[in-house]
Amino acid sequence: MTKVLLINGSPHEKGCVYTALSEIVDTLTKENIETEIFQLGTSPIRGCIACKKCYEIGKCIFNDDKCNELANEIAESDAIVIGSPVYYAGANGALCALLDRTFYSSGKRFAGKLGASIASCRRGGASATFDRLNKYFTISNMPIVSSQYWNSVHGNTPDEVKQDFEGLQTMRTLAKNMAWLLKNIEKAEIPKPEIEKKIATNYIR
């Protein structure tokens, strides 16, 4: 069965980001798409130390947080949605630390999967957060699913988010577009494009 993994990048399990993701989950469920929410939580997340050991072992060398677990969850899914609260006009730092290591160590495994991101803010900073999260997809050969507006909801509490009718409609539209693309990909049965060996050009010689 087709599966979408939704990453709640908030320390609050049932907060504003969860409220937005739940709108997506409800719509995907109606489209007969399996869903799972991956919770960031409050446990410490390491930052990348650029040791490059993941090149040798195929995963992050640190196995004391959620990085390798998340990498496996993404690899086993057909699409992902990353949700983040807005902190100082940007994505949650703990979430970015997790995604940096996950995509750096395992990004090759995600090629061809659909990706989307959403942001939750009280007032401002949603578009910068949205842009930051989408960059994980564009460097990993992952097509981005769009909606009718930039994917954000506004509110300082879950109840306030529920009053952002345009934001919730944007979440539903995103889910419908993702379901439509996933079903068409499954129906077409066309192999993923062959990925060339990466060329890295350094500008100082």
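- The heavy-atom pair separating Lys135 from Asp131 by the smallest distance is NZ-OD2, 2.6 Å.
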Q. Please walk me through it: do Arg101 and Asp65 pass side chain to side chain contact (heavy atoms under 4.5 Å, CB included)?
A. CA-CA 11 Å; Arg101 289 169 48 224; Asp65 60 20; 2.7 Å; yes
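- Side chain of Asn184 to main chain of Trp180: a donor-acceptor pair is present (N/O by atom type, distance under 3.5 Å, no hydrogens or angles).
- Note that CD of Gln169 is 12.5 Å distant from CG of Leu174, once rounded to the nearest 0.5 Å.
- Here Asp164 does not pair with Arg122 in a salt bridge; the nearest charged N to carboxylate O distance is not below 4.0 Å.
- In this structure, the side chain of Lys192 engages the main chain of Ala111 through a donor-acceptor pair within 3.5 Å.
- By the 4.0 Å N-to-carboxylate-O rule, Asp26 lies too far from Lys30 to be salt-bridged with it.
- A side chain to side chain contact (heavy atoms under 4.5 Å, CB included) with Ile185 is found for exactly one of Leu114, Thr2, Ile190, namely Leu114.
- Residues Asp64 and Arg46 form a side-chain contact, since some pair of their non-hydrogen atoms from C-beta on lies under 4.5 Å apart.
- Judged purely by atom type and a 3.5 angstrom limit, Glu160 uses its side chain to pair as donor or acceptor with the backbone of Asn156.
- Here Lys183 pairs with Glu31 in a salt bridge; the nearest charged N to carboxylate O distance falls below 4.0 Å.
- In the hydrophobic clustering of ILVMFWY residues, with side-chain heavy atoms under 4.5 Å counting as a link, Val81 and Leu28 come out together.
- Judged by distance alone, with hydrogens and angles left aside, the side-chain atoms of Lys3 form no donor-acceptor pair with the main-chain N or O of Glu36 at under 3.5 Å.
- Under a hydrophobic-cluster definition in which Ile, Leu, Val, Met, Phe, Trp and Tyr are linked whenever side-chain heavy atoms come within less than 4.5 Å, directly or via other members, Leu6 and Ile33 are assigned to the same cluster.
- Here the NZ-OG distance, from Lys108 to Ser140, works out to 11.0 Å after rounding to the nearest 0.5 Å.
- Under a 4.5 Å side-chain heavy-atom cut-off, the cluster of Ile, Leu, Val, Met, Phe, Trp and Tyr residues that includes Leu40 is completed by Leu5, Ile7, Phe38, Ile45, Leu70, Ile74, Ile80, Ile82, Leu95, Leu98, Leu99, Phe103, Phe110, Leu133, Tyr136, Phe137, Met142, Ile144.
- Counting heavy atoms from C-beta on, the side chains of Arg132 and Cys96 come closer than 4.5 Å.
- Closest approach of Thr170 and Tyr149 over heavy atoms only: CG2-O, 3.7 Å.
- Of all the heavy atoms in Cys67 and Cys60, the pair that sits closest is SG-CB, 3.8 Å.
- Using a 4.5 Å heavy-atom cutoff, the side chains of Ile49 and Phe62 are in contact.
- Across Ala20 and Ile118, no two heavy atoms sit closer than the pair CB-CD1, 3.7 Å.
- Val4 and Ile37 fall within the same hydrophobic cluster, defined by Ile, Leu, Val, Met, Phe, Trp and Tyr side-chain heavy atoms under 4.5 Å apart, directly or through other members.
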Q. Should Met171 and Val153 be marked as a side chain to side chain contact (heavy atoms under 4.5 Å, CB included) after you check the CA-CA gap, both sets of side-chain angles, and the distance that decides it?
A. CA-CA 8 Å; Met171 299 300 113; Val153 294; 4.2 Å; yes
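- Residues Tyr55 and Tyr104 place their aromatic rings such that the two centres sit under 6.0 Å apart.
- The minimum heavy-atom distance between Ala97 and Gly47, with the atom names listed, is CB-CA, 4.2 Å.
- In this structure the side chain of Val17 never reaches within 4.5 angstrom of the side chain of His12, judged on heavy atoms.
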Q: Check the pair Ser117 / Asn134 against side chain to side chain donor-acceptor pair (under 3.5 Å), numbers first and verdict last.
A: CA-CA 6 Å; Ser117 62; Asn134 282 336; 2.8 Å; yes
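- Pairs of residues two or more places apart, or lying in two chains, that qualify as side-chain hydrogen bond (donor to acceptor under 3.5 Å, both in side chains) and include a residue from residues 72-97 are Asn72-Arg109.
- For the atom pair Ser105 OG and Ile57 CD1, the distance stands at 8.5 Å (nearest 0.5 Å).
- The minimum heavy-atom distance between Ala126 and Cys121, with the atom names listed, is CB-SG, 3.8 Å.
- Under the 4.5 Å side-chain heavy-atom criterion for Ile, Leu, Val, Met, Phe, Trp and Tyr, Leu168 and Leu21 are members of the same hydrophobic cluster.
- Atom NZ of Lys59 is surrounded by 12 or fewer heavy atoms from other residues, nucleotides or ligands within 6.0 Å.
- Looking at Val161 and His154, their side chains never come closer than 4.5 Å, going by heavy atoms from C-beta outward.
- Thr27 contributes atom OG1, which lies 6.5 Å from atom CZ of Arg172 (distance to the nearest 0.5 angstrom).
- Using a 4.5 Å heavy-atom cutoff, the side chains of Thr173 and Lys176 are not in contact.
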Q: Give the C-alpha distance, both sets of side-chain angles, the deciding distance and a yes or no for side chain to side chain contact (heavy atoms under 4.5 Å, CB included) between Cys51 and Ile61.
A: CA-CA 9 Å; Cys51 68; Ile61 193 170; 4.0 Å; yes
